[in-house]
Amino acid sequence: MKKLLLITAIFESLTGILLMIAPTLIASLLLGEEPFGAVALTIAKIAGAALFSLAIACWLSQNNAAAAVVVKAMLFYNIAVAAILLYGAIGYKLSGMGLMPAVLLHGGFAVWCIVCLNKARNSK
């Protein structure tokens, strides 16, 4: 679990920081369209702060009893993000260069979460 949480912390902190400082660039790479207007940019920056918060939780829980709880939360997050991005590709016809890699990355992280949780459960 430690490695999963460390790598998740790195990915989510970088994404969060980039969303907070360059939301237009990240949205364009991920979704193929720029967010327009103050509302969209503000929501993108809030999402960046939320991702950075997830990164902090992953970082701080690597070596303690909360690790499994955080991995369970990250499992939901990764499944939800993969599904939302996939829906964006299919339902909204979004086509950013990073969209399908992000779907696959979050799907892979979800599988990794499941593997870690099963190992932890079987070792008890």
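Atom set for the values below is all heavy atoms of this structure, side chains included, hydrogens, waters and symmetry mates excluded. When a residue number appears, it is its place in the shown sequence, counting from 1. What you see is a predicted model, and the numbers here were worked out from it, not measured in a lab.
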Can you give me the closest heavy-atom contact between [X] and [Y], atom names plus distance?
X: Glu12; Y: Leu51; result: OE1-CD2, 3.3 Å
X: Ala44; Y: Pro23; result: CB-CB, 3.6 Å
X: Pro35; Y: Ala40; result: CB-CB, 3.7 Å
X: Leu5; Y: Ser61; result: CD1-OG, 3.6 Å

For [X], give me all partners under side chain to side chain contact (heavy atoms under 4.5 Å, CB included), at least two apart in sequence or on another chain.
X: Phe109; answer: Leu4, Ile7, Thr8, Phe11, Asn78, Leu105, Trp112
X: Leu117; answer: Met1, Ala68, Val71, Lys72, Leu75
X: Leu99; answer: Leu31, Leu85, Ala89, Leu94
X: Val115; answer: Val111, Lys119

Using a 3.5 Å distance criterion without hydrogens, assess whether the side chain of Ser28 forms a donor-acceptor pair with backbone atoms of Thr24.
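No, Ser28 side chain to Thr24 backbone: no donor-acceptor pair under 3.5 Å.
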With clusters defined by side-chain heavy atoms of hydrophobic residues (ILVMFWY) lying less than 4.5 Å apart, directly or transitively, does [Y] cluster with [X]?
X: Leu29; Y: Ile43; result: no
X: Ile90; Y: Val81; result: yes
X: Met74; Y: Val69; result: no

When rounded to the nearest 0.5 angstrom, what distance separates [atom1] in [X] from [atom2] in [Y]?
X: Ile10; Y: Thr15; atom1: CD1; atom2: OG1; value: 11.5 Å
X: Leu18; Y: Ser13; atom1: CG; atom2: OG; value: 9.5 Å
X: Arg121; Y: Ile114; atom1: CZ; atom2: CD1; value: 10.5 Å
X: Ile46; Y: Leu41; atom1: CD1; atom2: CG; value: 11.0 Å

Side chains of Lys45 and Leu19: does their closest heavy-atom pair fall under 4.5 Å?
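Result no, sub-4.5 Å side-chain heavy-atom pair not found.
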With side chains defined as the heavy atoms from C-beta onward, is the minimum distance between Met97 and Leu30 less than 4.5 Å?
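Result no, sub-4.5 Å side-chain heavy-atom pair not found.
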Write out all pairs satisfying ring-ring contact (aromatic ring centres under 6.0 Å, His included) with one or both partners inside residues 36-79, taking only residues at least two apart or from two chains.
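Applying ring-ring contact (aromatic ring centres under 6.0 Å, His included) to every pair that reaches into residues 36-79, excluding sequence neighbours, yields Tyr77-His106.
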List the residues meeting side chain to side chain donor-acceptor pair (under 3.5 Å) with Asn122, not counting sequence neighbours, and say none if there are none.
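Partners of Asn122 under the side chain to side chain donor-acceptor pair (under 3.5 Å) test: none.
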